[in-house]
Amino acid sequence: MIKIYNTLSKNKETFKPIKEGQVNMYVCGMTVYDLCHIGHARVMVIFDMVSRWFNVSGFRVNYVRNITDIDDKIIGRAIENKESIQNLTQRYIHEMNIDAEVLGVIKPSKEPKATEHIKDMISLIQTLIEKKYAYVANNGDVFYSVRAFHQYGKLSGKSIDDLRAGERVDIDQNKLDELDFVLWKSAKPNEPSWDSPWSKGRPGWHIECSAMSSHYLGHHFDIHGGGQDLQFPHHENEIAQSEAAYDCKMANYWMHNGFVRVDDEKMSKSLGNFFTIRTVLDKFDAEVVRFFMLRAHYRSPLNYSDSHLDDARLALQRLYISLRGIEINNVDIDWQHPLAHKFREAMDDDFNTPEAISVLFELANEINKNKSELLATLLKGLAKTLGLLERDSELFLKGDKKISLNIDEMILKRHEAKINKNFKEADRIRTLLLEAGVVLEDTAQGTIWRKE
RNA sequence: GGCGCGAUAGCAAAAUGGUUAUGCAGCGGCCUGCAAAGCCGUAGACGCCAGUUCGAUUCUGGCUCGCGCCUCCA
């Protein structure tokens with residue numbers, strides 16, 4: 001039985017699917033006008049892990065992660081770059097896919113784009129207008145009437161009267177109530193637009209997720225996820241739109257992953273303290289980045305720094321070293337094994353990956369002692385459920401970094417020096433290699449090497 | 001002003017009303033020509049003050065500090 005911390009109830013709850021054996025999950029994805037940063041990577045990796053675990057647990061997973069390909073920032077960036085919006089968004093969707101793949105993120109079942117569902121959004125807005133949850137302003141904008149939806153605030157725990165409208169963003173003068181949010185924006189000159197009953201314009205930010213989730217997963221589905229910063233207003237507004245329009249609960253479980261931080265501050269575009277996935281991958285192996293993310297609980301904040309990544313690198317190295325030289329033909333998991341059981345218990349408890357990973361280290365310790373092929377198989381199998389240790393350990397340990405020295409030749413020379421008891425020469429060669437980032441290990445089977 | 005989250009050893013990070021988390025780093029040993037890797041051992045922790053309890057890092061209250069949200073955000 002899988003337990004999930006539900007933001008809606010602020011409690012861990014036992015997961016019960018709407019349809020037996022099936023999980024319908026919607027996750028808010030990226031707005032594509034720039035390269036993804038580490039915060040985006042965390043969302044992708046975390047929900048990939050969640051989706052994998054449901055799969056391992058025997059569920060069919062229908063995982064939808066949307067792509068926002070029309071919004072103010074995209075329009076702004078396209079103008080700045082003097083390129084078409086399509087050109088811009090296509091390019092960054094491509095870049096995002098590259099990042100996701102390197103990080104071992106399995107493609108969601110569906111990745112719908114907002115611009116492909118404008119019709120769905122228009123009809124949803126129409127329904128909301130008919131049901132008096134939305135109104136058309138004089139300028140052709142359509143707004144959601146927040147006070148009409150009595151449960152507004154149930155997800156984020158906010159009370160309408162306590163909200164400070166306009167605290168950080170200017171209030172639109174066309175709104176009847178300052179808390180109302182826009183469903184449809186009439187287009188300004190030269191802006192991309194679609195025809196609608198109210199004005200030539202484009203959708204507001206929140207409506208796409210209500211429209212697309214219901215289109216692919218139905219009005220009522222199992223899990224809705226995203227970054228913690230989407231809890232309010234985005235997810236709150238999604239609930240207001242969907243539940244008002246369809247008269248049923250939108251999602252049973254709401255999952256929010258914690259922020260990535262830099263120097264104890266949230267990493268964000270507006271603060272400018274972000275690192276793109278690309279820059280991080282210049283310095284660290286993608287699997288190290290993935291491991292780093294899974295080593296913390298998904299709801300906890302995750303402090304990003306080079307030294308933390310380095311720490312993760314060494315830890316992951318330990319796991320790969322334990323698998324070195326052991327032939328593994330399959331990755332079947334013997335769930336009867338006590339450590340496999342412990343792993344499962346940890347994962348079932350709100351996806352406690354730090355605890356699950358600690359089990360991997362217990363296995364590594366045993367394997368180092370007895371070189372057990374059985375345990376190595378188990379280690380690889382369990383790690384695979386997290387998308388880890390999927391490479392050949394030699395490939396990981398040697399790395400793909402080009403080294404100009406002829407390592408094999410130098411090892412041979414050092415071997416000869418050792419035979420002649422010329423340890424000074426042997427050590428000189430070893431130091432030379434070490435300076436190039438190559439560590440030698442003398443084993444009973446001969447000298448082997450790995451990158452530092 | 002409202003709402004919420006957090007504080008665990010040098011660093012990172014879990015669990016737990018009593019008993020080894022785990023990883024990196026440290027210390028002692030084994031192994032090694034010396035290392036590396038590995039193994040064995042070892043040290044080091046629960047922000048502060050009360051309360052509940054036989055017993056609190058864990059539960060409750062208060063305090064301090066940090067972080068987040070209050071219509072840009074993963």
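Note: hydrogens, waters and symmetry copies are ignored here, and every other heavy atom, side chains too, is used. Every chain is numbered from 1, with letters handed out A, B, ... down the list of sequences.
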What I want to check is whether the side chains of [X] and [Y] have a donor and an acceptor closer together than 3.5 Å.
X: A:S242; Y: A:S210; answer: yes
X: A:D350; Y: A:Y298; answer: yes
X: A:D348; Y: A:W53; answer: yes
X: A:H224; Y: A:E238; answer: yes
X: A:N257; Y: A:Q228; answer: no

Please classify the nucleic acid contact of [X] as base, sugar-phosphate, or nothing, using heavy-atom distances under 4.0 Å.
X: A:L230; value: sugar-phosphate
X: A:R414; value: base
X: A:M44; value: nothing
X: A:G226; value: sugar-phosphate
X: A:F361; value: sugar-phosphate
X: A:D229; value: base
X: A:V260; value: base

[X] has an atom [atom1]; how far is it from atom [atom2] of [N], in whole Å?
X: A:R295; N: B:C11; atom1: CZ; atom2: P; answer: 15 Å
X: A:L339; N: B:A21; atom1: CG; atom2: C1'; answer: 13 Å
X: A:L434; N: B:C34; atom1: CG; atom2: P; answer: 18 Å
X: A:H235; N: B:C69; atom1: NE2; atom2: P; answer: 15 Å
X: A:E355; N: B:G23; atom1: CD; atom2: C1'; answer: 14 Å
X: A:L397; N: B:G38; atom1: CG; atom2: P; answer: 10 Å
X: A:H297; N: B:A14; atom1: NE2; atom2: P; answer: 8 Å
X: A:F351; N: B:A13; atom1: CZ; atom2: C1'; answer: 20 Å

Check: Which residue lies toward the 5' end of RNA chain B, A:H308 or A:S159, if each is placed at its nearest nucleotide?
Finding: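 The residue closer to the strand's 5' end, by nearest nucleotide, is A:S159.
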
Check: Taking for each residue the nucleotide of RNA chain B bearing the nearest heavy atom, is the 5' side occupied by A:Y298 or by A:T443?
Finding: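 Closest to the 5' end, via its nearest nucleotide, is A:Y298.
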
Paired nucleotide for [N] [Watson-Crick or G-U wobble; both distances under 3.5 Å]:
N: B:A9; result: none
N: B:U19; result: none
N: B:C59; result: B:G51
N: B:C39; result: B:G29
N: B:C3; result: B:G68

Quote, to the nearest angstrom, the [atom1] distance that separates [N] from [M].
N: B:C48; M: B:A7; atom1: C1'; value: 11 Å
N: B:C34; M: B:C11; atom1: P; value: 35 Å
N: B:C3; M: B:U71; atom1: C1'; value: 15 Å
N: B:C63; M: B:C24; atom1: C1'; value: 35 Å
N: B:C31; M: B:A74; atom1: C1'; value: 49 Å
N: B:A13; M: B:C69; atom1: C1'; value: 25 Å
N: B:G17; M: B:U60; atom1: P; value: 12 Å

Is there a donor N/O on one and an acceptor N/O on the other, under 3.5 Å, for the side chain of [X] and the base of [N]?
X: A:K266; N: B:C73; value: yes
X: A:K158; N: B:C69; value: yes
X: A:K73; N: B:C72; value: yes
X: A:D311; N: B:G23; value: yes
X: A:D427; N: B:G33; value: yes
X: A:R430; N: B:C34; value: yes
X: A:D442; N: B:C34; value: yes

Is the shortest side-chain N/O distance from [X] to OP1 or OP2 of [N] below 4.0 Å?
X: A:T7; N: B:G4; answer: no
X: A:N365; N: B:C39; answer: yes
X: A:K269; N: B:A74; answer: no
X: A:T31; N: B:A74; answer: yes
X: A:R324; N: B:A36; answer: no
X: A:W449; N: B:A36; answer: no
X: A:N352; N: B:A15; answer: yes
X: A:R318; N: B:G38; answer: yes

Notebook entry, point to check: Of A:L363, A:I326, A:L388, which is the lone residue that meets side chain to side chain contact (heavy atoms under 4.5 Å, CB included) with A:L379?
Noted result: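 Only one option passes, and that is A:L363.
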
Item checked: Qualifying side chain to side chain donor-acceptor pair (under 3.5 Å) pairs with a residue from residues 35-45 of chain A, counting only residues at least two apart or across chains ->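 Counting only pairs at least two positions apart or across chains, no side chain to side chain donor-acceptor pair (under 3.5 Å) contact touches residues 35-45 of chain A.
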
Name the closest nucleotide to the [X] side chain, picking from [options].
X: A:L314; options: B:G33, B:C24, B:A37; value: B:C24
X: A:F232; options: B:C70, B:A74, B:A14; value: B:C70
X: A:I321; options: B:G4, B:C34, B:G38; value: B:G38
X: A:R450; options: B:A37, B:A74, B:A14; value: B:A37
X: A:S358; options: B:G33, B:G23, B:A21; value: B:A21

Check: Taking atom CD of A:E441 and atom CH2 of A:W449, what is their separation to the nearest 0.5 Å?
Finding: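 Going from the CD atom of A:E441 to the CH2 atom of A:W449 covers 12.0 Å.
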
Checklist line | Nearest-0.5 Å distance, CD1 of residue A:I321 to CG of residue A:L323 | finding: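 Result: 10.5 Å between the selected atoms.
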
Note to self: Can you give me the closest heavy-atom contact between A:S156 and A:F232, atom names plus distance?
What the structure shows: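 In this case the closest contact between A:S156 and A:F232 is OG-CD1, 3.2 Å.
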
